[in-house]
Number of protein chains: 2
Amino acid sequence: MGINDRKQRHKEELKDIILKAAKELFLEKGYEATSMRSIAEKIEYSPATIYLHYKDKAEIFYALHLEGFKLLVNYFKVLASVADPFERLKAMGHVYINFANENPDFYNLMFVMSEPMEVFELDHAKEWNEGEDAFRFLHNTVIECMDKGYFKGMDAMGFSFMLWSTMHGLCTLRTSGHLDQVRQVKTQLPDINAVTAFTLQTFISMMERLK
Amino acid sequence: MGINDRKQRHKEELKDIILKAAKELFLEKGYEATSMRSIAEKIEYSPATIYLHYKDKAEIFYALHLEGFKLLVNYFKVLASVADPFERLKAMGHVYINFANENPDFYNLMFVMSEPMEVFELDHAKEWNEGEDAFRFLHNTVIECMDKGYFKGMDAMGFSFMLWSTMHGLCTLRTSGHLDQVRQVKTQLPDINAVTAFTLQTFISMMERLK
DNA sequence: TGCATTTACTAAACACTGTTCAGTAATCTT
DNA sequence: AAGATTACTGAACAGTGTTTAGTAAATGCA
């Protein structure tokens, strides 16, 4: 094996080590506490070394944004086995909310923070394929529902965006802490999980009526 | 007028000047570019002076969070004159989205950022009255709709949270830049305003069916 | 094998952030 | 007039992301 191969391998391995360290810190302590110096300390290199492998901090977090989408899309893929599109839609709703509840930092990185999306504003040729994959799964399921006669007269795209907006809104109002602070949430349901579940159930009931 | 009155008045005036400077910078340049040093420079005092009037930066931004809610609730109040609750609900939807589109930084401060909400986590006796006011207006309008026989069988609270989630989701997917990057948004509708309007219209069509 | 070149990495610097503190000038009180 | 208080400041502290000049190690070549 050549010297060049070995050096190239070391370069790639170090890049992976940096990302793994960033991910561990990010999952343990969140975005704010994941600094370039803390990543460097964890991998026992200096902060300057990281810049040999990643353009800047945003590029590291964009790589984590991609990892988050791989995780979510894996959950969605399992649902492909659900034959009835409406049941699949419901299952997607549950999966999406569970994902946000169990991975709030990843969820923020994927769907809330505008920084990872800046890469697409700088490079207009680059496309948000990972977001597109997730949205397409939803959109295709909506089209299958409509092919079955559900949601007659509704536009598939508008409907898909509406579904995503509702799920996203429910997730972010919860993770940001706004939902918690509404008095009715504090007093009328046992906890925030119950509010989220109840609101989702109301939404599903609406969908049942529109079938 | 006593010396104490004059000094107290100066203290309050300086506090207002600080907030006004913060607001101007915030509206011109956004949250990231509104630093304690930039506020201090604008009012021609040192950064340390600000800490005589505000506990920390979060308290300044919480004051701006309150101003944002005053603005929104003023828009909502105008809708009280809309007699039919369903028409009022629709108008609220438009007002909410227009507010987010025209005041994205305020919107983020009010409904997205978790920092202003931390004041309620630290002081459990303190309540999010401003958010409660806005939500109550929505909730009351939903109850009036149900009193008129609309949305039969739906729970008012779940329905209200569902409405808020949908509007909030639509607003934040747009302001964060995620909606822009979906291929269908780029190719099938003229611009992001059209997507938002179209998705809202789809949602309203659903509500019409559920009446 | 020795020297020149290249590479990988670093310490330190830069420019910025939020916040605190010891010191000081001005104002107020006695 | 002197002492006390207040309002404010410069500088420090501890942190951030990023860059750069310098250096040791590795590599290539004559």
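Here is the naming used below: chain letters follow the sequence lines, and residue numbers restart at 1 for every chain. Nothing here was measured: the structure is a model prediction, and the numbers come from that model.
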> Using whole Å, report how far NZ of B/Lys7 lies from C1' of D/dA4.
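Computing the B/Lys7:NZ to D/dA4:C1' distance gives 11 Å.
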> Can you tell me how far P of D/dG10 sits from OH of B/Tyr51, to the nearest Å?
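Atom-to-atom, B/Tyr51 to D/dG10, this comes out as 16 Å.
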> In this structure, are over 12 heavy atoms from other groups packed under 6.0 Å from A/Tyr75 atom OH?
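Incorrect, the count does not exceed 12.
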> Of the nucleotides D/dG17, C/dT10, D/dT27, which one has an atom closest to the side chain of A/Tyr45?
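Shortest atom-to-atom distance from the side chain points to C/dT10.
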> Return whichever of A/Ala48 or A/Ala33 has its heavy-atom-nearest nucleotide of DNA chain D closer to the 5' end.
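Mapping each residue to its closest nucleotide by heavy atoms, the 5'-most match is A/Ala33.
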> Would you call the rings of A/Trp164 and A/Phe135 parallel, tilted or perpendicular if under 30° counts as parallel and over 60° as perpendicular?
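Geometry flag for A/Phe135 against A/Trp164: tilted rings.
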> Round to a whole Å and report the spacing from CD1 of B/Ile3 to P of C/dT29.
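From B/Ile3 CD1 to C/dT29 P: 5 Å.
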> With sugar-phosphate meaning primed atoms plus P, OP1 and OP2, does A/Leu14 contact a base, only sugar-phosphate, or nothing at under 4.0 Å between heavy atoms?
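The residue A/Leu14 makes sugar-phosphate contact but no base contact.
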> Which residue is it: A/Tyr54, A/Phe120, A/Phe69? I am looking for the one with a ring pair (Phe, Tyr, Trp, His ring centres under 6.0 Å) to A/Tyr62.
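Of the listed residues A/Tyr54, A/Phe120, A/Phe69, the ring pair (Phe, Tyr, Trp, His ring centres under 6.0 Å) partner of A/Tyr62 is A/Phe120.
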> Expressed as a whole number of angstroms, how long is the span from A/Ile50:CD1 to D/dT16:P?
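In whole Å, D/dT16 P and A/Ile50 CD1 are 12 Å from each other.
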> Considering only D/dA7, D/dT18, D/dG10, which nucleotide approaches the side chain of A/Met36 most closely?
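From the listed options, D/dT18 comes nearest.
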> For B/Asn4 and B/Lys57, take the nucleotide of DNA chain C holding the closest heavy atom to each; which residue's nucleotide lies nearer the 5' end?
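The residue mapped nearer the 5' terminus is B/Lys57.
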> What is the distance, to the nearest angstrom, from the CZ atom on B/Arg6 to the P atom on C/dA26?
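To the nearest whole Å, that distance equals 15 Å.
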> At less than 4.0 Å, is any side-chain N or O atom of B/His10 found next to OP1 or OP2 of D/dC8? Yes or no.
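Affirmative; the distance criterion is met.
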> Return whichever of A/Glu44 or B/Asp56 has its heavy-atom-nearest nucleotide of DNA chain C closer to the 5' end.
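This one resolves to A/Glu44.
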> Please work out which of the three classes, parallel, tilted or perpendicular, describes the rings of B/Trp128 and B/His65, given edges at 30° and 60°.
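Ring orientation of B/His65 relative to B/Trp128: tilted.
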> Pick the nucleotide of DNA chain D nearest each of A/Glu32 and A/Lys55; which residue has the one closer to the 5' end?
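It is A/Glu32, whose closest nucleotide lies nearer the 5' terminus.
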> Strictly below 4.0 Å: does B/Arg37 bring a side-chain N or O up to OP1 or OP2 of D/dA11?
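Checking B/Arg37 against D/dA11: no side-chain N or O falls below 4.0 Å of OP1 or OP2.
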> With under 30° as parallel and over 60° as perpendicular, where do the rings of B/Phe151 and B/Phe86 fit, or are they tilted in between?
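Rings of B/Phe151 and B/Phe86: tilted, as their planes differ by 30° to 60°.
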> How many Å lie between CD on A/Glu115 and P on D/dG17, as a whole number?
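One finds 12 Å between P of D/dG17 and CD of A/Glu115, rounded.
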> For B/Glu41 and C/dG18, what is the distance between atoms CD and P respectively, to the nearest whole Å?
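Going from B/Glu41 (CD) to C/dG18 (P), I get 13 Å.
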> CD of A/Glu59 versus C1' of D/dT18: gap in Å, rounded?
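Those two atoms, CD and C1', are 14 Å apart.
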> Can you see if the side chain of A/Ser35 gets near the phosphate of D/dT16 - specifically, an N or O under 4.0 Å from OP1 or OP2?
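The answer is yes; a side-chain N or O of A/Ser35 sits under 4.0 Å from OP1 or OP2.
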